[in-house]
Amino acid sequence: MRLTNYFLPISKEVPTDAQIVSHQLMLRSGMIKQSASGIYSWLPLGLKVLQRVEKVVHEEQQKAGHLPMLMPTIQPAELWRESGRYEDYGKEMLRITDRHEREMLYGPTNEELITDIFRSFIKSYKELPKTLYHIQWKFRDEVRPRFGIMRGREFLMKDGYSFDIDRPMAINAYNRHLVSYLKTYERLGLQAIPMRADTGPIGGDYSHEFLVLAKTGESKVFYDGASQHIKLGNEYVDYEDVGGLQRTVDRFTENYARTEETHDLSLFNQLPEERQVEARGIEVGQIFYFGTKYSEAMDATVTLADGSKKLVEMGSHGIGVSRLVGALIEAHHDEDGIVWPKAVTPFHVAIVNLKQGDTEIDKVCEQIYTGITAAGLDPLYDDREERAGAKFATMDLIGIPLRVTVGPRGIREGMIEVRCRSTRTVKELPINSVVDYCIEEFRGFE
RNA sequence: CGGGCUAUGGCGCAGUUUGGUAGCGCGUUCGUCUGGGGGACGAAAGGUCGUGAGUUCGAAUCUCGCUAGCCCGACCA
């Protein structure tokens, strides 16, 4: 993409309305624009990041055997009456009346819809297990939206629903989600710690929230310092291996890690003092096994081998996709702007032309642009008539991992400067090896 | 939903106390110089002062209503 053809409304000034760094940087870098309290437009740059996050989420869900689909944002009130939640949900639910005076709502979540789909089509135990998911916009009419995209009223969420024949199978589905979530966050360049979450009136141990540590996080968290170093890394995950999955889950959940709601001081104090960590975190996902709550209310059953009917065991599992974009910035920025992890960066390589209009330099820029594009990477070429400082500041602000600087100084020697955004280290490379260097840097991330 | 605050060119703000020609910085446009970290100089465009009513010879400024947004708290992914 050439910057002169792009839409990138950046700003030098820090917007007064933004309190936290991710919100400030998203506004300054032209990723989003507020349209009403807690409701945002995603401008081209923001959308690119959002889509990259979405892509990783999709890939990891499908590796775990979960099936993508898409449910609507607008739902009929009827289904919610059936589950009893139409009354329970309160003012957080945005209620709408259509022209036929039919009561509708903008979905805050999708248990009712998916259960209705399930019961319409799945009748036999032979068709289980199934996990269906979608990535769709939700609306919760928060009393007080804040922190930009991190706590908006409208948000993009991946929500998956598992259907199983019995409790052990449902727990396996739970484990599949837990591990696939860990994979997802790691790929995105985030470390998220699974923490035991409140299961509400249903009880049981089967809900975890995933927290990304950040000073600005909304939740207070307490955990065993040992948890912080557990990683999957390149470890292969076999989602068919029930026992192996359980062992992985145990490894990640055996240490003490809880949010304020479930915090147990006496347990926490049993840890050696140096491992008692108290911090703040951003909630980026939650998994929940809740048994037959909805299948019972909405009569979702399958026929067993002996002809009897059985209520299906369900779980719902969510990842806050739009919120992740904010969390990523909270975790990856410096005083000059955003520092995108390679997996989600909106552009891979920034090409900065320091002497627009110089035949030789324009030519070299074009050559690198073409080479990078041909390799399947996404370059952003600053071909504006701007001074060097402005161009550098722009690329730093929007956080492109690699910056290729083409100017008279280097060209005289046949050399080009490539700078890494995160380490700020600079390499001088011969012109013809720049493209290969960039490709190599992104191996495994594209 | 309780408490507090704000609304003035695209953005950030001053002006409101004490009513009297609407101002600054950034950005934008044009020109000249410049050219490896948001450059300099010169010129220009751009505002029904959130909105409705009232007080007044006269309202950005005073009074009342409404709307929108923000902050703290309770709540939430």
Side-chain angles (χ1 to χ4, degrees), chain A residues 9-20 23-24 27-28 30 33-39 89-93 107-110 136-159 181 192 195 197-198 200 207-212 217-219 259-261 281-288 316-327 335-337 352-358 361 382 384-398 403-413 415-417 419 424 426 428:
Chain A
I10 57 169
S11 146
K12 234 190 287 192
E13 314 227 13
V14 180
T16 38
D17 281 357
Q19 306 298 311
I20 62 170
H23 190 193
Q24 294 171 350
L27 291 169
R28 286 192 52 210
K33 167 156 176 25
Q34 178 168 323
S35 106
S37 177
I39 301 176
Y89 224 93
K91 286 193 157 186
E92 284 222 322
M93 187 153 74
T109 177
N110 287 64
Q136 177 62 292
W137 292 93
K138 309 278 187 294
F139 194 92
R140 291 183 194 170
D141 199 359
E142 295 277 344
V143 208
R144 194 184 157 209
R146 65 186 110 167
F147 305 144
I149 228 63
M150 296 266 277
R151 190 167 159 194
R153 290 191 289 176
E154 190 181 44
F155 55 98
L156 187 63
M157 179 170 157
K158 171 260 153 187
D159 42 330
Y181 280 26
M195 303 202 175
D198 198 1
S207 184
H208 280 88
E209 293 179 335
F210 293 78
L211 278 292
V212 169
E218 279 202 277
S219 320
T259 60
E260 219 167 356
E261 295 80 52
I282 301 164
E283 200 196 312
V284 292
Q286 179 162 18
I287 53 177
F288 202 157
S316 30
H317 318 277
I319 292 181
V321 176
S322 49
R323 170 178 278 199
L324 268 171
V325 176
E335 60 277 15
D336 294 324
V352 172
N353 184 331
L354 288 186
K355 198 171 181 191
Q356 204 63 43
D358 179 296
I361 292 172
D382 192 343
R384 293 174 302 169
E385 191 61 58
E386 276 292 344
R387 301 184 49 103
K391 294 192 173 192
F392 293 152
T394 299
M395 291 306 188
D396 284 347
L397 175 63
I398 67 175
R403 187 186 78 203
V404 173
T405 308
V406 187
R409 214 164 68 188
I411 289 296
R412 242 179 280 128
E413 322 290 325
M415 300 296 274
I416 283 176
E417 176 191 298
R419 180 176 179 266
R424 296 163 181 249
V426 169
E428 295 285 341

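Chain letters run A, B, ... following the sequence lines, proteins first and then strands; every chain starts at 1.
When both pairing distances are held under 3.5 Å, B:rA68 makes a Watson-Crick or G-U pair with B:rU6. With both pairing distances under 3.5 Å, B:rC24 is matched to B:rG12 as a Watson-Crick or G-U wobble pair. Under the Watson-Crick and G-U wobble criteria, each requiring two contacts below 3.5 Å, nucleotide B:rC62 is paired to B:rG54. The base-pairing partner of B:rA74, taking Watson-Crick or G-U wobble contacts with both distances under 3.5 Å, does not exist among the strands shown. Remark: B:rG31 base-pairs with B:rC41; criterion is Watson-Crick or G-U wobble with both hydrogen-bond distances under 3.5 Å. With both pairing distances under 3.5 Å, B:rU18 is matched to nothing as a Watson-Crick or G-U wobble pair. B:rG47 is unpaired under the criterion used here, namely a Watson-Crick or G-U wobble arrangement in which both key atom distances are under 3.5 Å.
Scanning for side chain to side chain contact (heavy atoms under 4.5 Å, CB included) contacts around A:Glu260 gives A:Lys220, A:Phe222, with sequence neighbours left out. Every residue meeting the ring pair (Phe, Tyr, Trp, His ring centres under 6.0 Å) condition with A:Tyr89, not counting sequence neighbours, appears here in chain and number order: A:Trp80. Partners of A:Arg153 under the salt bridge (Lys or Arg N to Asp or Glu O under 4.0 Å) rule, at least two apart in sequence or in another chain, are A:Asp141. In terms of the side chain to side chain contact (heavy atoms under 4.5 Å, CB included) criterion, residue partners of A:Val14 (sequence neighbours excluded) are, by chain and number, A:Gln24, A:Arg28. Residues passing the side chain to side chain contact (heavy atoms under 4.5 Å, CB included) test with A:Arg384 are A:Leu3, A:Thr4, A:Asp382, A:Glu386, A:Lys391, A:Thr394, sequence neighbours excluded. Taking the side chain to side chain donor-acceptor pair (under 3.5 Å) definition, one finds that A:Arg419 meets it with A:Asp396, sequence neighbours left out. With sequence neighbours left out, the side chain to side chain contact (heavy atoms under 4.5 Å, CB included) criterion links A:Val284 to A:Tyr185, A:Ala192, A:Phe210, A:Val212, A:Ile282, A:Leu324, A:Ala327. Scored by the ring pair (Phe, Tyr, Trp, His ring centres under 6.0 Å) test, A:Phe139 finds A:Tyr106 as partners (sequence neighbours excluded). Not counting sequence neighbours, the partners of A:Arg424 by the side chain to side chain donor-acceptor pair (under 3.5 Å) test are A:Asp334, A:Asp336.
Applying the 3.5 Å distance criterion, the base of B:rG38 shares no donor-acceptor pair with the side chain of A:Arg387. Applying the 3.5 Å distance criterion, the base of B:rC75 shares a donor-acceptor pair with the side chain of A:Arg151.
Distance alone, capped at 3.5 Å, is enough to place a donor-acceptor pair between the A:Arg323 side chain and the A:Met150 backbone. Here the side chain of A:Lys158 pairs a donor or acceptor atom with the backbone of A:His317 at under 3.5 angstrom. A donor-acceptor pair under 3.5 Å links the side-chain atoms of A:Ser322 to the main chain of A:Leu156, judged by distance alone.
When heavy atoms are screened at a 4.0 angstrom cut-off, A:Arg403 is found touching base atoms of the nucleic acid. No engagement by A:Gly285 is indicated, since no non-hydrogen atom pair under 4.0 Å with the nucleic acid exists. Within 4.0 Å of A:Gln34, counting heavy atoms only, lie sugar-phosphate atoms of the nucleic acid but no base atom. Residue A:Gly320 is out of contact with every strand shown, counting any heavy-atom pair closer than 4.0 Å. A:Ser11 comes within 4.0 angstrom of no nucleic acid atom, judged by non-hydrogen atoms across all strands. Residue A:Leu156 is classed as having no contact, given no heavy-atom separation below 4.0 Å to the nucleic acid. Within 4.0 Å (heavy atoms only), A:Thr109 reaches no atom of the nucleic acid at all. Residue contacts shown for A:Gly152 include a base, since a base heavy atom lies under 4.0 Å away. At the heavy-atom level, A:Gln356 lies nowhere under 4.0 Å from the strands shown.
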What N/O pairs connect the protein and nucleotides 49-51 of chain B at under 3.5 Å? Give each pair on its own line.
none

Return the polar atom pairs (N/O with N/O) between nucleotides 25-33 of chain B and the protein under 3.5 Å, or none.
{"unit_1": "B:rG25", "atom_1": "N2", "unit_2": "A:Glu13", "atom_2": "OE2", "d": "2.9"}

Show the distances under 3.5 angstrom between N or O atoms of the protein and N or O atoms of nucleotides 1-7 of chain B.
{"unit_1": "B:rC1", "atom_1": "OP1", "unit_2": "A:Lys91", "atom_2": "NZ", "d": "2.7"}

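Going from the P atom of B:rA59 to that of B:rA44 covers 31 Å, rounded to whole Å. For the C1' atom pair drawn from B:rA14 and B:rG25, the interatomic distance equals 11 Å after rounding to whole Å. Atom name C1', nucleotides B:rA60 and B:rG50: the rounded distance is 12 Å, in whole Å. With P as the reference atom, B:rU61 and B:rU16 are 12 Å apart, rounded to whole Å. For the P atoms, the distance linking B:rG31 with B:rG9 amounts to 29 Å, nearest Å.
Side-chain atoms of A:Ala393 lie closest to B:rG38 of the nucleotides B:rC72, B:rG38, B:rG36. The side chain of A:Thr16 has B:rG12 as its nearest neighbour among B:rG12, B:rC76, B:rG38. Nearest to the side chain of A:Thr394, among B:rA74, B:rG38, B:rC76, sits B:rG38. For A:Ser37, the side-chain atoms get nearest to B:rG69 when compared with the rest of B:rG37, B:rG69, B:rG36. Of the candidate nucleotides B:rC71, B:rG69, B:rG37, B:rC71 has the atom lying nearest to any side-chain atom of A:Arg146.
Between the side chains of A:Ser11 and A:Glu13, no donor-acceptor pair is found at a separation under 3.5 Å.
Taken to the nearest 0.5 Å, the CD atom of A:Gln136 stands 11.5 Å off from the CE atom of A:Met157.
Nucleotide B:rG39 holds its P atom 14 Å from the CZ atom of A:Phe392, rounded to whole Å.
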